[in-house]
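Being a predicted model, the structure only gives us computed values, none of them experimental.
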Amino acid sequence: MNDVWFSEPVVIDFQPNGQRKVSSCFEAMECLDQRWPGQARDGAWRSASRVCRDALDGLRSPAEARKTLRKAAKVAGLLA
């Protein structure tokens with residue numbers, strides 16, 4: 001499975017640990033699985049996780065994955 005790169009990184013603010021530039025679906029999955037706050041694991045988080053996995057499998061576009069990751073970060077208050 002090859003990584004899928006975004007046209008532009010999504011900057012996510014994981015306070016107090018600082019900001020992280022997410023440039024690909026693998027990086028997005030790492031953030032969603034390991035760094036996302038538990039209280040923010042809602043429908044937007046599930047959607048971003050599913051779409052990023054689908055993009056890695058070639059079922060969705062990188063643009064769709066980036067868009068859903070941005071939406072999840074915005075809903076969680078993590079969008080820098």
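Salt-bridge check for D33 with R53: passed, with a basic side-chain N closer than 4.0 Å to an acidic carboxylate O. Between R20 and E30 there is a salt bridge, since a side-chain N of the basic residue sits under 4.0 Å from a carboxylate O of the acidic one.
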Next on the checklist: Before you tell me yes or no, could you show the steps for S24 and V4 under side chain to side chain contact (heavy atoms under 4.5 Å, CB included), namely the whole-Å CA-CA distance, both residues' side-chain angles and the distance that decides it to 0.1 Å?
Outcome noted: CA-CA 6 Å; S24 72; V4 176; over 6 Å; no
Checklist entry - Going through the checks in order, is the side chain to side chain contact (heavy atoms under 4.5 Å, CB included) test met by K21 and V10? => result CA-CA 6 Å; K21 284 186 181 180; V10 176; over 6 Å; no
Next on the checklist: The test is side chain to side chain contact (heavy atoms under 4.5 Å, CB included); show your working for L79 and I12 and say whether it passes.
Outcome noted: CA-CA 5 Å; L79 193 59; I12 300 174; 5.5 Å; no
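Across S47 and T68, no two heavy atoms sit closer than the pair OG-CG2, 4.2 Å. Pairing each heavy atom of A72 with each of A44, the nearest pair is CB-O, 3.5 Å.
Distance alone, capped at 3.5 Å, is enough to place a donor-acceptor pair between the R66 side chain and the E8 backbone. Side chain of E64 to backbone of S61: a donor-acceptor contact under 3.5 angstrom is found.
Applying the salt bridge (Lys or Arg N to Asp or Glu O under 4.0 Å) rule to D42 yields no partners; only residues at least two apart in sequence or on another chain are considered.
In this structure, NZ on K67 lies 8.5 Å from NZ on K71, to the nearest 0.5 angstrom.
With a 4.5 Å cut-off on side-chain heavy atoms, W36 and L78 count as touching. Taking the side chain as every heavy atom from C-beta outward, P9 and V22 never approach each other to under 4.5 Å. Side chains of S23 and F6 form no contact here, defined as non-hydrogen atoms less than 4.5 Å apart. A heavy-atom distance below 4.5 Å is found between the side chains of C31 and F14. Counting heavy atoms from C-beta outward, L69 and L32 have side chains that approach closer than 4.5 Å.
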